[in-house]
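Because the structure is predicted, anything quoted here is derived from the model rather than measured. Sequence lines set the chain letters: A, B, ... in the order given, protein chains first and strands last, and positions in each chain run from 1.
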Protein chains: 2
Amino acid sequence: MSTRSRYGLQFMFELALHSKERPVLLRDIAERQNISEKYLSKLVIPLKSSGLINTYRGARGGYSLACEPKKITVKQIVDVLEGDASPVEDIQNPLNPTWDVWSGLDKAISDYLESINLETVVQNNRNRQFTYVI
Amino acid sequence: MSTRSRYGLQFMFELALHSKERPVLLRDIAERQNISEKYLSKLVIPLKSSGLINTYRGARGGYSLACEPKKITVKQIVDVLEGDASPVEDIQNPLNPTWDVWSGLDKAISDYLESINLETVVQNNRNRQFTYVI
DNA sequence: ATAAAAACTTACTATAATTGTCAAGAATAA
DNA sequence: TTATTCTTGACAATTATAGTAAGTTTTTAT
């Protein structure tokens, strides 16, 4: 999994937390999550064009989720960000003797990522607040 | 998953198939699997130093498995080849709000790769011979 | 009009992937 | 034993792609 997906999920997590009321600034998310603002601003483009988020330019602009956190799975986010630099399928063909290993792995990954949505992530994080932070 | 693991598994698969009697030539494997011989010869080094394969230099040299295919899991191979350029754990820390997503993914991947050994791959491939090839 | 923000363009850096050249070791034939 | 051939092994160089940074343009609320 590349940094695209990791940063992207952190970004979406921030929106799930803070964009209910008003759009959230890229700068603020980058700062809170310790991510390069410029790099993040590039990851955000496919998230926009896939319809997962709304963007607002100009003063008091920013980003917000396009729908409820519960309706957005981690798999959707990863698919959008990993995009055409896609993993196994394109390159491998079924005649390759290792094909079923990698397609099985693909399925295991997809199943797992599909089982988690943004609400879950937010919830897990709430729990962690009490468990990990002193 | 990078090409290192894919090529590496194809290489190990070839050894499982053909190295029972005598060492197998890198050249032959590269040719059969359509992999750059030079690139493959670099992937083979960590496989050697991790003890998964034996190498023999000189005339009638080549490579062979260090133990039975059944005793070698795909996870072992991937771990050796993906090496220090490791995936999630090093970079992410548990305070990151997306940590449990990626560590859970890591576990899902590990569990899957651990469940497959070289004998399985060989076996699956035997079946495919009859299913796919005309 | 002005200031705030995303969107766009360009360039740089690091790392993965690939290729090429030469050295070292081992079997074989004379 | 010695020459020869076959093979891996080590080192360097190149190309491609991911990751990062900076500056400019466009849009919009006030």
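Side-chain contact between B:I29 and B:V24 is present, with at least one heavy-atom pair separated by less than 4.5 Å. Between A:I72 and A:C67, some side-chain heavy-atom pair lies under the 4.5 Å cut-off. With a 4.5 Å cut-off on side-chain heavy atoms, B:R6 and A:T98 do not count as touching.
Positionally, the nearest nucleotide of DNA chain C for A:G58 lies more toward the 5' end than for the other of A:I45 and A:G58. Comparing B:E37 and A:G61, the nucleotide of DNA chain C nearest to each residue sits closer to the 5' end for A:G61. Position along DNA chain D of the nearest nucleotide to A:R60 versus A:K38 favours A:K38 as the more 5'-ward residue.
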Next item on the list: Assess whether side chain to side chain contact (heavy atoms under 4.5 Å, CB included) is satisfied between A:Y112 and B:I109, documenting all intermediate values.
Entry: CA-CA 9 Å; A:Y112 173 77; B:I109 293 175; over 6 Å; no
Item checked: CA sep, side-chain torsions, deciding dist, call: A:M12, A:I53, side chain to side chain contact (heavy atoms under 4.5 Å, CB included) -> CA-CA 8 Å; A:M12 295 294 278; A:I53 62 174; 3.5 Å; yes
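Spacing between atom OH of B:Y39 and atom P of D:dA16 amounts to 15 Å, rounded to whole angstrom units. Going from atom CD1 of B:I53 over to atom C1' of D:dT7 covers 14 Å, rounded to whole Å. B:I35 has its CD1 atom 12 Å from the P atom of C:dT19, to the nearest Å. The distance between atom CZ of B:R57 and atom P of C:dT28, rounded to the nearest whole Å, is 17 Å. Protein atom CG of B:L26 is 16 Å distant from nucleotide atom P of D:dC6, rounded to whole Å. Between the P atom of D:dC6 and the CZ atom of B:R22 lies a distance of 17 Å, rounded to the nearest Å. Going from atom CZ of B:R4 over to atom C1' of C:dT15 covers 12 Å, rounded to whole Å. Whole-Å rounding puts the B:N54 CG to C:dA26 C1' distance at 16 Å.
Other residues, nucleotides and ligands contribute at most 12 non-hydrogen atoms within 6.0 Å of the CD atom of A:E31.
The side chain of A:Y63 lies closest to C:dA7, out of D:dT20, C:dA7, C:dT19. When distances are taken from the side chain of B:V44 to each of D:dG9, D:dG19, C:dT18, the shortest belongs to D:dG9. Side-chain atoms of A:T55 lie closest to C:dA6 of the nucleotides D:dG19, C:dA6, C:dT18.
When all heavy atoms of A:G61 and A:L25 are compared, the pair lying nearest together is O-CD2, 3.4 Å.
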Please write out the pairs of protein N or O atoms and N or O atoms of nucleotides 3-5 of chain D separated by less than 3.5 Å, giving the distance to one decimal.
none

Distances for protein N or O near nucleotides 11-13 of chain D N or O, under 3.5 Å:
none

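If you chain together hydrophobic residues whose side chains sit under 4.5 Å apart, A:L40 and A:L15 fall into the same group.
Between B:D28 and B:R32 there is no salt bridge, since none of the side-chain N atoms of the basic residue sits less than 4.0 Å from a carboxylate O of the acidic one.
At least one side-chain nitrogen or oxygen of A:S36 sits closer than 4.0 Å to the OP1 or OP2 atom of D:dA21.
Using a 4.0 Å heavy-atom criterion, one finds that A:S2 contacts the sugar-phosphate atoms exclusively.
Residue pairs that meet the ring pair (Phe, Tyr, Trp, His ring centres under 6.0 Å) test with at least one member in residues 8-35 of chain A, sequence neighbours left out, are A:F11-A:Y63.
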